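Atom set for the values below is all heavy atoms of this structure, side chains included, hydrogens, waters and symmetry mates excluded. In listed order, ligands and their atoms are each counted from 1. Please read all numbers here as calculations on a predicted model, not as lab measurements.
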Amino acid sequence: MKIMVVGGGGREHAIIKKIKENKKVEKIYALPGNGGIAADAECVNIGATELDAIAEFAKTNAIDYAIVAPDDPLVAGCVDRLEAIGIPCFGPRANAAIIEGSKVFSKNLMKKYGIPTAKYEVFTDMDSALKYLETAPVPTVIKADGLALGKGVIIALTREEAKLAVISMMRDKQFGASGDRVVIEEFLEGPEVSVLSFTDGKTVVPMVSSMDHKRAGDGDTGLNTGGMGTVAPNPYYTDEVAERCMKEIFLPTIDAMNKEGRTFKGCLYFGLMITKDGPKVIEYNCRFGDPETQVVLPLLESDLLEVMMATTEGRLSDISVKFSDKHACCVIMASDGYPVKYERGYEIVTDEETWKHIYVAGAKLVPAGEAKHGTQGEVANAKRRIDPADVETWKKNVVGDGMALVNGGGRVLGLTAVADSLKEAVDAAYSLTGKVYFANEYFRLDIGQRALGAYARK
Ligand code: AMP
Ligand code: GLY
C-alpha cells in the first residue's frame, strides 16, 4: 500500500514510525514531513494546507490511504477533498472538524446536549464583552473562537487582565479573525487529562490517557507552548473517572455529532479537567495531540494502520484495540527562547540507538557546511557524553553523506522512553537527553513529576 501522511511534526513522525510496522505498507509519503521524518518516509515539499497540491499529488501517485494529522487542513476540508477523488482517509470531514475549529460551536454543542463543561457566554461585540466582565467572577478564561495555534486562550486573574485580553482579541485582532467572536468562560480547577480516542461515529475506543505539560518552564511557569512533554497513562484518569467519561462525555459527544448531521470519524481528542464535580471538557481537538501521540502510540500493541482503516470503514466494533500496561514519557527538546524567539540552524548530533527513541518535531537537512555549531567547550562536552564514532555511524546511516540535521523550529525533538513504571520511563527519557546535543537546546527538567507525585499519594 502507498500511504500519504499530511503534516510534518513529531506527532506525524510517531504515526509514520508506527504504521511502518505494517507489512502491507510499501511506501509512505509525508507532506511536507521534515528533516527527521525523511529517514522514515519520502518527504514531499507540499505544505499541509495546500489542499489543491495535496489532492493532485494523491491522485498522481495513486495513494491508497491518507492520514491527515494537523488541525488546519482538517478544518479546511482536506479529507472532503481527498474523498471526493476516491481516496480513503483517516480524519474527520470539515463539518465534523468544526468541533475543534470553532469554540463557539463546541460550547454550544455541549450546552445543547448536556455534556459537562465550563459555564460560558459568547460575544461578537466588544462592548458587551467588556460590560459582562465588570461583574463576571475572576479568574476567568477568554478564548478566541477559531484556530489560534493553541495560543488563543487567556486565563485572566483579574477583571483588568480579562478586559485587556478581550481588547487585544476583538479590537487589535491579536489572533486575526479568530477574535471576531470570543467565549468567556468559568475558570475550572483540577488536574488535566488528555484522552485521544478512535471513533467511527458509532463506536468510541479511548486510547491510553496522557498528561501534557504545556508551559515553557519548570513547575508549570512561563508561557503556554504546544507542549513540552507528556506521560502516559495519566494517574488522575482512574477507572472510575474513565467510566464516567465514557457515559457522560465520550458517547454523548459522538451521539450529539451524529444528531447534528456531523458524524465524526477519526481521532477525537478530549481535553478534560477532573474537577471536584466530576470530569468536564476543556476542549475538543479533531486530531491526535502533539506531543500526546509520542507517548500514546508507543504503548499501542495493535496495528495502527488496521485500526485507522477500521475507523474509516466503520468497523471499529469488530476489532480489538490493545494498549500495553507500561508507561511512557516524552521530553521535548526545544530551541532556547521558544515559544518567543529562537535561533535555528544548529547541528543536531546523536547515535543510532538513541535515534530509535526520537520523534522529530522541527529539523531540516542542510549541506554539512551550512550547519552552525555551539562553542568549542559545548561541543567537547557533548563528545564526552556521546561517542563521536557512534555519531559518525548515525550520520552515515541516517542523515546521509555531506548533510547535517539542524534544528528548524521551536520544538525540535521528542525523546520517548517506555518502561514498566513511570519512574523508570521518566529516568530513561532524561537519560536520552544526554545522548542528543545541539547548541541552544532547552528542555524542562520536571516532565512527569506531577504524575509521579500523584502515584505517590495514591
Ligand atoms: P485550550 O487551548 O482550550 O486547550 O486551553 C489551553 C489551556 O488553558 C488548557 O490546557 C487549560 O490548562 C487552560 N484552560 C482552558 N480553559 C480553561 C478553563 N475553563 N478553566 C481553567 N483552565 C482552562
Ligand atoms: N498537546 C495539545 C494539543 O495537541 O493540542
Side-chain angles (χ1 to χ4, degrees), residues 7 9-12 14-15 69-72 74-75 97 99-107 110-111 116-121 136-157 162 165 169 175 178 182-197 207 209-216 220-232 234 236 267-277 279-297 330 332 334 339 359 361 410-411 414 444 447 450:
R11 162 184 57 203
E12 287 77 8
I15 292 172
D71 48 359
D72 25 9
L74 287 167
V75 171
I99 199 165
E100 173 171 4
S102 167
K103 298 217 191 279
V104 173
F105 171 84
S106 64
K107 293 298 292 189
M110 289 186 271
K111 186 186 266 179
T117 188
K119 293 194 198 75
Y120 71 101
E121 297 288 335
V138 282
T140 188
V141 184
I142 324 279
K143 300 185 172 183
D145 180 38
L147 293 179
L149 301 168
K151 298 190 194 90
V153 175
I154 292 172
I155 301 192
L157 299 179
M169 284 183 196
F175 305 109
S178 283
V182 301
V183 174
I184 300 183
E185 69 175 35
E186 176 198 6
F187 174 75
L188 297 178
E189 284 176 278
E192 282 184 58
V193 176
S194 305
V195 179
L196 320 187
S197 70
M207 301 181 218
S209 61
S210 54
M211 182 191 288
D212 194 3
H213 297 68
K214 282 200 168 115
R215 301 292 201 95
D220 295 325
T221 54
L223 294 172
N224 245 321
T225 70
M228 295 301 293
T230 35
V231 296
N234 184 324
Y236 293 103
C267 174
L268 182 54
Y269 167 137
F270 299 90
L272 306 168
M273 196 168 272
I274 316 303
T275 72
K276 61 176 181 3
D277 304 321
K280 295 193 179 178
V281 177
I282 290 279
E283 62 164 349
Y284 292 113
N285 291 323
C286 64
R287 51 171 174 87
F288 282 96
D290 188 342
E292 285 87 346
T293 306
Q294 291 90 314
V295 285
V296 169
L297 291 186
C330 172
I332 296 290
Y359 299 119
R411 291 192 293 176
R444 271 180 66 163
I447 302 304
R450 185 157 185 208

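With values rounded to the nearest 0.5 angstrom, Q294 atom CD is found 10.0 Å from S210 atom OG. Distance check: I282 CD1 to T117 OG1 gives 7.0 Å after rounding to the nearest 0.5 Å. Here CG of N234 is found 9.5 Å from CG of L272. Values are rounded to the nearest 0.5 Å. Taking CG from L223 and CZ from R215, the interatomic distance works out to 8.0 Å, rounded to the nearest 0.5 Å. Atom CD of residue E292 and atom OG1 of residue T230 lie 6.5 Å apart, to the nearest 0.5 angstrom. Separation of atoms SG (C330) and CG (L297) is listed at 11.5 Å; rounding is to 0.5 Å.
Near E292, with a cut-off below 4.0 Å to any heavy atom, the atoms of ligand 2 are 1 (N), 2 (C), 4 (O). Each of the following atoms of ligand 1 lies closer than 4.0 Å to a heavy atom of I282: 15 (C), 16 (N), 17 (C), 18 (C), 23 (C). Here is the list of ligand 1 atoms found below 4.0 Å of a heavy atom in F187: 20 (N), 21 (C). Atoms of ligand 1 lying under 4.0 Å from any heavy atom of K214, numbered from 1 in the order shown and given with element: 4 (O), 10 (O). Under a 4.0 Å criterion applied to the non-hydrogen atoms of D212, ligand 2 contributes the atoms 1 (N), 2 (C). The G226 neighbourhood of ligand 2 comprises atoms 1 (N), with distances under 4.0 Å to a heavy atom of that residue. Within ligand 1, counting atoms from 1 as listed, the ones closer than 4.0 Å to a heavy atom of K103 are 3 (O). Within ligand 1, counting atoms from 1 as listed, the ones closer than 4.0 Å to a heavy atom of K143 are 3 (O), 15 (C), 16 (N). Of all atoms in ligand 2, numbered sequentially from 1 with element shown, those under 4.0 Å from a heavy atom of G289 are 4 (O).
Between N224 and ligand 1, not a single N/O pair is under 3.5 Å apart. For ligand 1, the polar-atom distance check finds no N/O of V141 at less than 3.5 Å from any of the ligand's N/O atoms.
No donor-acceptor pair under 3.5 Å is formed between the side chain of N285 and the backbone N or O of Y269. Although no hydrogens or angles enter the test, the distance criterion places a donor-acceptor pair under 3.5 Å between the side chain of R411 and the main chain of G226.
Put simply, the residue from K103, K143, K119 that forms a salt bridge (Lys or Arg N to Asp or Glu O under 4.0 Å) with E185 is K143.
Nearest-residue assignment for atom 10 (O) of ligand 1 (options E192, E185, K119; heavy-atom criterion): E192. Of all the listed residues (M273, E283, K280), E283 holds the heavy atom that lies closest to atom 3 (O) of ligand 1.
G227 does not count as a contact of ligand 2, since none of its heavy atoms falls under 4.0 Å from the ligand. Put simply, no part of F288 is less than 4.0 Å from ligand 2, judged by heavy atoms. Remark: distances from the non-hydrogen atoms of E189 to ligand 1 are all 4.0 Å or more. Residue S194 places every heavy atom at 4.0 Å or more from ligand 2.
With a 4.0 Å heavy-atom cut-off, ligand 1 is reached by the side chain of V153 but not by its N, CA, C or O. Contact annotation: for I155 versus ligand 1, heavy atoms closer than 4.0 Å belong to the side chain alone. The proximity of N285 to ligand 2, defined as any non-hydrogen pair under 4.0 Å, is limited to the side chain. Heavy atoms of R11 found under 4.0 angstrom from ligand 2: none, in either backbone or side chain.
In terms of protein heavy-atom proximity, atom 5 (O) of ligand 2 is nearest to R287 NH2, 2.9 Å.
Residues R287 and D72 are not paired through a salt bridge, judged by the lack of any N-O separation under 4.0 Å between the basic side chain and the carboxylate.
Nearest approach of P291 to I332, heavy atoms of both residues: CB-CD1, 3.9 Å. Between I99 and F105, the shortest heavy-atom distance links the atoms CA-CD2, 3.9 Å.
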- [ ] Under the side-chain contact (heavy atoms from CB on, under 4.5 Å) rule, what do M110 and Y120 come out as? Steps first, then yes or no, please.
- [x] CA-CA 11 Å; M110 289 186 271; Y120 71 101; over 6 Å; no

